[in-house]
Amino acid sequence: MLKIRHTGIYVNDLKSMKDFYCKNFGMKVAVHAFEKGNYIDTVLGLVNTRLELYKLKFEDETMLELIHREEEEQTKIRGNVYDIGCIHLAITVDDVEQTVKILQGSGVTFLSSPMLSDDGKAKVCVCREPEGNYVELVEESA
């Protein structure tokens, strides 16, 4: 494994949370995006999902991803890939396909096979680690 890429947190009030992290921790907005369609549905194992998100960066390039799922009220019960709170850890890997094979051999379950992101910048898939937490595996494109 190379590094932790980002931590994702689902929130109810996206703007307020973005302002909180930027104001209190000096983070800067790196990305403000809306995601919908086959890529995000497949990677998260959902149907017709719509997300709005901010990727915030510290000076050292460490990122925090704040995400709001548009179609329904957020819950406080953890267990779904879109629940409120810290729900997934993204890890950058050299070869996502090889990493998937290794993890599957250890009994780890995946929400999908690796997919190329819509912007073509990464190959991504999501699994659940032994405690049930979501881990996003990311192979960055050259």
Side-chain angles (χ1 to χ4, degrees), residues 1-100 102-104 106-142:
M1 303 303 159
L2 300 176
K3 64 183 177 181
I4 293 175
R5 180 181 172 82
H6 68 261
T7 299
I9 302 174
Y10 279 80
V11 300
N12 278 316
D13 188 337
L14 186 61
K15 183 187 179 317
S16 175
M17 292 298 288
K18 184 248 324 163
D19 292 345
F20 172 80
Y21 282 100
C22 289
K23 177 183 174 187
N24 293 297
F25 301 103
M27 299 184 86
K28 305 289 184 206
V29 174
V31 173
H32 178 214
F34 296 85
E35 293 188 358
K36 66 179 182 177
N38 184 57
Y39 164 72
I40 198 67
D41 283 349
T42 303
V43 167
L44 295 181
L46 299 171
V47 176
N48 296 322
T49 198
R50 294 184 322 271
L51 305 176
E52 180 180 4
L53 62 90
Y54 282 99
K55 287 187 180 176
L56 308 178
K57 278 189 180 181
F58 284 109
E59 283 184 32
D60 72 353
E61 302 296 311
T62 302
M63 287 192 290
L64 176 66
E65 183 177 32
L66 301 176
I67 310 161
H68 179 74
R69 187 167 180 249
E70 296 178 356
E71 45 274 49
E72 62 185 56
E73 185 76 19
Q74 305 296 295
T75 67
K76 291 191 179 193
I77 300 170
R78 296 193 58 187
N80 295 306
V81 74
Y82 55 83
D83 286 342
I84 298 299
C86 186
I87 197 67
H88 82 273
L89 175 65
I91 299 174
T92 301
V93 299
D94 286 320
D95 182 334
V96 73
E97 306 281 349
Q98 183 62 31
T99 304
V100 166
I102 292 167
L103 292 173
Q104 284 175 328
S106 298
V108 172
T109 59
F110 286 80
L111 300 181
S112 71
S113 298
M115 283 189 72
L116 187 63
S117 61
D118 282 344
D119 62 7
K121 293 182 179 179
K123 194 182 293 185
V124 177
C125 67
V126 176
C127 65
R128 292 191 90 156
E129 45 97 294
E131 291 284 334
N133 295 300
Y134 292 98
V135 176
E136 180 181 359
L137 302 175
V138 181
E139 178 185 328
E140 297 174 339
S141 300

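- In terms of heavy-atom proximity, Y39 sits nearest to M115 at CA-CE, 4.0 Å.
- Looking only at side-chain heavy atoms (C-beta outward), L56 and V29 come within less than 4.5 Å of each other.
- Salt bridge E136/R5: absent, no basic N to carboxylate O contact under 4.0 Å.
- Between H6 and H88, the two ring planes are perpendicular [angle over 60°; tilted spans 30° to 60°].
- For the pair V135/L103, no side-chain contact is recorded, criterion being any heavy-atom separation below 4.5 Å from C-beta on.
- Summarising the geometry, atom CG belonging to L46 is positioned 5.5 Å from atom CZ belonging to R69; distances are rounded to the nearest 0.5 Å.
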Query raised in the report: Is there a side-chain contact (heavy atoms from CB on, under 4.5 Å) between Y54 and M17 once you walk through the steps?
Result: CA-CA 10 Å; Y54 282 99; M17 292 298 288; over 6 Å; no
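- The line from CD of E129 to OG of S106 is 12.5 Å long, rounded to the nearest 0.5 Å.
- No side-chain heavy atom of I67 sits less than 4.5 Å from a side-chain heavy atom of E35.
- G120 approaches S141 most closely through the heavy-atom pair O-OG, 3.2 Å.
- Here the side chains of L51 and L44 are in contact, with some heavy-atom distance below 4.5 Å.
- Partners of D60 by side chain to side chain donor-acceptor pair (under 3.5 Å), not counting sequence neighbours, listed by chain and number: T62.
- Panel note: side chain D41, backbone T49; a donor-acceptor pair is recorded below 3.5 Å.
- Put simply, the side chain of L66 reaches to within 4.5 Å of the side chain of L14, judged on heavy atoms.
- For the atom pair CD1 of I4 and CE of M63, the computed distance is 12.0 Å after rounding to the nearest 0.5 Å.
- Closest of all the heavy-atom pairs between E97 and E139 is N-OE1, 4.4 Å.
- Nearest heavy-atom pair across S112 and C125 is O-CB, 3.7 Å.
- Here the closest heavy-atom approach between residue V11 and residue H68 is recorded as O-ND1, 3.0 Å.
- Between the CG atom of N48 and the NZ atom of K36 there is a distance of 10.0 Å, given to the nearest 0.5 Å.
- Smallest separation of non-hydrogen atoms from T7 and L64: O-CD1, 3.3 Å.
- In this structure the side chain of P114 never reaches within 4.5 angstrom of the side chain of T99, judged on heavy atoms.
- Put simply, the side chain of S113 does not reach to within 4.5 Å of the side chain of V100, judged on heavy atoms.
- Looking only at side-chain heavy atoms (C-beta outward), E59 and K28 stay at 4.5 Å or farther from each other.
- Atom CD1 of I40 is separated from atom CZ of R50 by 13.0 Å, given to the nearest 0.5 angstrom.
- Side-chain atoms of T92 never come within 3.5 Å of backbone atoms of L2 as a donor-acceptor pair (strictly under, hydrogens ignored).
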